Amino acid sequence: DTKTNCKVAIKRLHKLQEKVDAKRMLREIRILGAFRHENILNLRHVYLKPVDKFFEVFLVTDLLDADLSKIIRTSKSDLTDDHIRYIIYQIFRALQFLHSGNIIHRDVKPSNILANENCDTYLCDFGFAREIEENCPEMTEYVITRYYRAPEVMLSSQKYTKAVDIWSTGCSFFELLTGTPLFQAKNYLELIKLIVQVLGTPTEDEVEHIQNAHAKNYLTSIPFVAKSKPSSLAKFYCNPLALDLLDKCLTFDP
């Protein structure tokens, strides 16, 4: 920034030619502009550059050192439990602030979480975020990168809540702990199978919220998997408090 002499990041959005792209861009600008928080990326400026009859849009934000996916790939061995606890605490702070304003992020994952060398953490990329209204129209299921997608997004399709962000955070938390994504599925049917393998076959009460008959039938067609006790994630990590938090984030019943 030539006026402040500070280094900044510039996100260049491609030329807007589709209505859906324009709505997504406008939503991201509105949310970043309205929801100012210590753990949400700071939007400094928005610039429009005319291109033919359209615009290119540039978002100027604070510059951070890395995203969590890079940290997991390159610095996982340097992260202590205290580092991880501080990072995950800040993500939940950002989500609590968004959710209190009826905003769902809908794409929480390590590459959308930025951090600096002090482990100060910021949620970014609000292109999929949206406001929940009382008479909310049905929401698209094509949100949340597959590895981090909550079961209700696939099984209940367009009926889901803020809980999808908690599930995605749980998946990101697991990746931070172990260095590996928990549910590496090639498609959504494989993803459901992997979730059942980790969490066990859901009870009738846990799937009561699912209205889609085809989805329920598919769940019952998967061979029964017993829910192991203590946490079925214990083989991956030994800290009981971390396992308890994972168990609470990753549940069939939102």
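Computed over heavy atoms, backbone and side chain alike; hydrogens, waters and symmetry mates excluded. Keep in mind that what you see is a predicted model, and the values were worked out from it rather than measured.
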Undergrad: Kindly say whether T121 contributes a backbone atom to a donor-acceptor pair with the side chain of N39 at under 3.5 angstrom?
TA: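 Answer holds: yes.
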
Undergrad: Within the side chain of R106, is there an N or O that forms a donor-acceptor pair under 3.5 Å with the backbone of A129?
TA: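 Answer holds: no.
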
Undergrad: Under a 3.5 Å cutoff, is there a donor and acceptor pairing between the side chains of S69 and D67?
TA: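 Checked: S69/D67 side chains pair up, N/O donor to acceptor below 3.5 Å.
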
Undergrad: Check whether the ring centres of F126 and H105 lie less than 6.0 Å apart, and answer yes or no.
TA: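 Yes, they do, as the ring centres are separated by less than 6.0 Å.
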
Undergrad: I want to check something: taking the side chain as every heavy atom from C-beta on, are L123 and L41 in contact at a cut-off of under 4.5 Å?
TA: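 A side-chain contact under 4.5 Å is absent here.
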
Undergrad: Rounded to the nearest 0.5 Å, how far does SG of C171 lie from OH of Y148?
TA: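 Between atom OH of Y148 and atom SG of C171 there are 8.0 Å.
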
Undergrad: Any donor and acceptor pair, going by atom type alone, linking the side chain of Q90 with main-chain N or O of C119 inside 3.5 Å?
TA: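 Yes, the answer is positive, given that a donor and an acceptor are paired below the 3.5 Å cut-off.
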
Undergrad: What I'd like to find out is whether the side chain of K11 reaches to under 4.5 Å of the side chain of T61, using heavy atoms alone.
TA: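 K11 does not reach T61 side chain to side chain.
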
Undergrad: Please list all pairs passing the side chain to side chain donor-acceptor pair (under 3.5 Å) test where one or both residues lie in residues 180-194, with sequence neighbours left out.
TA: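 Qualifying pairs: none.
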
Undergrad: Picking from F92, Y122, F35, what satisfies ring-ring contact (aromatic ring centres under 6.0 Å, His included) with F97?
TA: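 Single ring-ring contact (aromatic ring centres under 6.0 Å, His included) partner of F97 among F92, Y122, F35: F35.
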
Undergrad: Only counting residues at least two apart or in another chain, list the ones meeting salt bridge (Lys or Arg N to Asp or Glu O under 4.0 Å) with R36.
TA: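 With sequence neighbours excluded, R36 shows a salt bridge (Lys or Arg N to Asp or Glu O under 4.0 Å) to no residue whatsoever.
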
Undergrad: Please name the pair of heavy atoms, one in F183 and one in I195, separated by the smallest distance, quoted to 0.1 Å.
TA: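 Heavy-atom minimum between the residues: CE2-CA, 3.6 Å.
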
Undergrad: Would you say the side-chain atoms of R27 pair up with the backbone N or O of F128, donor to acceptor, closer than 3.5 Å?
TA: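 No, the answer is negative, given that no donor and acceptor are paired below the 3.5 Å cut-off.
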
Undergrad: If you compare all heavy atoms of G200 against all heavy atoms of F252, which two are closest, and at what distance to 0.1 Å?
TA: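 That would be O-CE1, 3.7 Å.
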
Undergrad: So, N112 side chain and D107 main chain: donor-acceptor pair closer than 3.5 Å or not?
TA: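 Such a contact is found between N112 side chain and D107 backbone.
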
Undergrad: Would the distance check show the side chain of S221 and the main-chain N or O of Y218 forming a donor-acceptor pair, the cut-off being under 3.5 Å?
TA: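 Between the backbone of Y218 and the side chain of S221 there is a qualifying donor-acceptor contact (under 3.5 Å).
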
Undergrad: Are side-chain heavy atoms of L43 and V60 found at a separation under 4.5 Å?
TA: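 Answer no - side chains too far apart.
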
Undergrad: For H37, enumerate each residue passing the side-chain hydrogen bond (donor to acceptor under 3.5 Å, both in side chains) test, keeping only those at least two apart in sequence or located in another chain.
TA: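 Once residues adjacent in sequence are excluded, H37 has no partner under the side-chain hydrogen bond (donor to acceptor under 3.5 Å, both in side chains) criterion.
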
Undergrad: Please answer whether the main-chain N or O of H99 pairs with a side-chain N or O of K162 as donor and acceptor at a distance below 3.5 Å.
TA: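 Yes; judged by distance alone, with no hydrogens or angles, the pair exists.
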
